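Working notes, beginning with the structure itself.
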Amino acid sequence: MEIGQHQVFQGNAVNPVELIKKKREGNSLSEEELRWLLEGYVAGTIPEYQISAFLMACFFRGMTEEETLTFTRLMLHSGEIIDLSDIPGAKVDKHSTGGVGDKVSLILAPIVAACGVSVPMISGRGLGHTGGTLDKLESIPGFRTDLSIPEYKAVIRKVGAVLIGQTGQLAPADKKMYALRDVTATVECIPLIASSIMSKKLAEGIDALVLDVKTGRGAFMQSYERSLELAQALVRIGNGFGKETVGFITSMEQPLGIAIGNWLEVVESVECLKGRLGHNDASSDLMEVTHVLSGAMLMLGRKAKTIAEGVTMSRGSIADGSAYRKLLEMVAAQGGSVEAIENLERYPLSRHTIEVGTMEEGFIAEIDPLELGLTSITLGAGRAVMDDKIDPKAGMILKKKVGDRVAGGDVLAVFQTDRDHVLQSARDRIRASFKIQPVPPRQKPLVLSYVEKDGVKTWM
Ligand code: URA
């Protein structure tokens with residue numbers, strides 16, 4: 001029974017202040033208490049200042065495993081859950097916590113679909129210094145990411161892969177709360193992040209999920225320990241909802257591949273899908289991560305017995321051209337220009353194309369992904385504020401990666417922009433992002449750990 005801003009739970013009348021206090025003191029909230037807070041927030045009967053205080057209490061006190069599962073369920077059920085059960089075969093998605101130059105989804109979705117597992121993917125836009133799959137796809141002329149749910153189902157049925165943005169119908173409580181967390185310094189809280197991500201993923205209609213939790217300077221979670229904690233929370237939730245979920249922790253110590261910026265990343269993805277990039281070159285790290293994640297998706301989709309077998313299938317789909325053909329089908333089904341993909345060189349160029357060189361000699365020891373991600377925003381490739389318009393052609397191509405030898409006069413990167421006023425600062429920031437030392441750096445693994453229901457393993 002509800003009495004104004006009070007609710008009676010087991011004979012006791014409580015109000016939001018008491019629930020905030022309860023969390024602030026480190027106690028856990030019951031399902032009915034969490035439901036009442038969340039429903040009141042969505043309906044507008046509990047004001048944002050009280051939910052902000054509650055979120056801050058969660059930030060400092062955390063949530064138990066049970067509370068996290070409950071919170072996820074409540075956010076999931078605040079909207080529609082897409083039912084794909086009438087579409088034959090397994091539906092498996094991949095979610096990445098985001099990085100710089102991370103265009104894995106653009107390559108992996110056609111690979112996995114070409115190998116016979118459907119990929120229903122709901123993606124995000126750029127967040128902070130990280131790029132977003134939706135912005136990359138929208139750099140393809142005509143490509144629609146705003147499909148309705150019936151259109152989404154029609155594309156997955158016909159093509160086997162679909163990539164759209166979060167609609168107002170999917171996990172609307174999370175959509176509203178994420179915007180509030182963003183402006184109340186309550187984003188970086190593992191139970192809140194995990195329930196936010198998983199409420200959206202579970203609404204897509206998936207049977208299984210592969211997670212790519214990034215770690216390092218260009219990642220959302222910079223330390224390995226925090227990344228592992230997040231991966232374990234995500235894997236626990238997925239399996240708790242009966243969806244087989246596994247995760248990888250992968251390095252974001254330098255940008256993935258060579259391109260940063262929306263259309264430039266599409267170009268790199270197309271070249272990788274055509275097999276022209278990604279073998280013993282600067283895009284090899286991108287393809288290593290892509291094949292491992294695709295391999296795991298094929299295993300969860302029961303097309304491969306092991307991840308290794310899935311990796312072989314994934315490589316095979318590049319070699320026989322089926323993954324590239326699937327990309328063209330996907331682009332056409334979502335209204336995009338196949339002609340633009342088939343004729344990459346016809347895309348408009350930026351007013352400025354600038355090379356950034358070095359006079360130093362030695363080996364590249366580090367390339368700061370955070371700084372390059374932030375610099376890309378100044379070029380026009382990302383948003384400084386929410387309403388900024390993205391310039392799809394802006395960005396940069398790395399000409400050197402960690403471990404490469406450089407001699408005086410070598411080009412480190414080339415950047416593109418229409419903005420006259422950023423040229424000098426971009427040049428300086430890009431150059432400063434490359435650390436050069438006299439000896440080769442120690443090679444570090446790209447895929448660090450594999451997280452599944454039963455535990456964590458070091459990845460070979
Ligand atoms: N991405 C999400 O969807 N939610 C978070 O809380 C953080 C990243």
Side-chain angles (χ1 to χ4, degrees), residues 34 38 41-42 48 51-52 54-60 62-63 67-76 78-79 81 93-100 102 104-105 120-136 145 163-204 206 209-216 218-223 226-238 241 243 245 247 249-250 252 370 373 382-383 386:
L34 288 170
L38 207 63
Y41 174 51
V42 172
E48 288 202 322
I51 297 298
S52 305
F54 167 71
L55 291 169
M56 192 56 87
C58 292
F59 182 92
F60 283 111
M63 280 181 164
E67 274 178 300
T68 311
L69 274 178
T70 303
F71 205 59
T72 310
R73 185 178 316 110
L74 293 170
M75 291 209 289
L76 170 66
S78 70
I81 302 171
D93 190 13
K94 183 260 337 178
H95 177 80
S96 158
T97 56
V100 178
D102 180 359
V104 168
S105 295
M121 198 178 267
I122 295 182
S123 303
R125 298 202 175 275
L127 194 66
H129 65 284
T130 66
T133 300
L134 291 187
D135 299 324
K136 294 170 202 186
T145 58
L163 288 102
I164 65 163
Q166 186 184 5
T167 73
Q169 293 133 288
L170 301 178
D174 168 66
K175 200 168 185 193
K176 189 168 176 184
M177 193 168 292
Y178 187 81
L180 183 61
R181 286 169 55 213
D182 206 23
V183 294
T184 55
T186 50
V187 170
E188 301 91 339
C189 166
I190 285 175
L192 295 179
I193 296 173
S195 53
S196 163
I197 291 174
M198 293 305 286
S199 63
K200 290 182 285 255
K201 291 284 130 185
L202 293 164
E204 291 172 342
I206 49 168
L209 179 65
V210 174
L211 297 154
D212 178 13
V213 177
K214 302 279 181 204
T215 191
F220 206 36
M221 294 283 153
Q222 297 200 349
S223 81
R226 292 274 291 163
S227 305
L228 178 61
E229 215 184 305
L230 176 60
Q232 287 174 311
L234 292 163
V235 165
R236 241 187 337 257
I237 297 175
F241 277 83
K243 310 289 177 191
T245 303
I249 303 192
T250 68
M252 187 31 71
L370 174 59
R383 297 178 189 81
M386 250 163 72

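Order of listing sets the numbers, starting from 1, for every ligand and every atom in it. Since the model is a prediction, treat every value here as computed from it, not as a measurement. Residue numbers count from 1 along this sequence.
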Check for a donor-acceptor pair, side chain of Lys201 on one end and backbone N or O of Ile122 on the other, with a separation under 3.5 Å. yes

When you compare the side chain of Ile197 with that of His95, does any pair of heavy atoms fall below 4.5 Å? yes

Side-chain donor-acceptor pairs of residues 172-180 under 3.5 Å, sequence neighbours excluded:
unit_1 : atom_1 : unit_2 : atom_2 : d
Asp174 : OD1    : Ser196 : OG     : 2.7
Asp174 : OD2    : Lys200 : NZ     : 2.7
Lys176 : NZ     : Tyr41  : O      : 2.9

Can you find a side-chain donor-acceptor pair between Ser105 and Lys94 that sits under 3.5 Å? yes

Are any side-chain N or O atoms of Lys136 and backbone N or O atoms of Asp102, one a donor and one an acceptor, separated by less than 3.5 Å? yes

Taking Gln166 for its side chain and Leu170 for its backbone only, find out whether a donor-acceptor pair lies under 3.5 Å. yes

Heavy-atom cut-off of under 4.0 Å around ligand 1: list whichever protein residues fall inside it, by chain and number. Tyr178, Arg181, Ile193, Ser196, Ile197, Lys200, Phe220

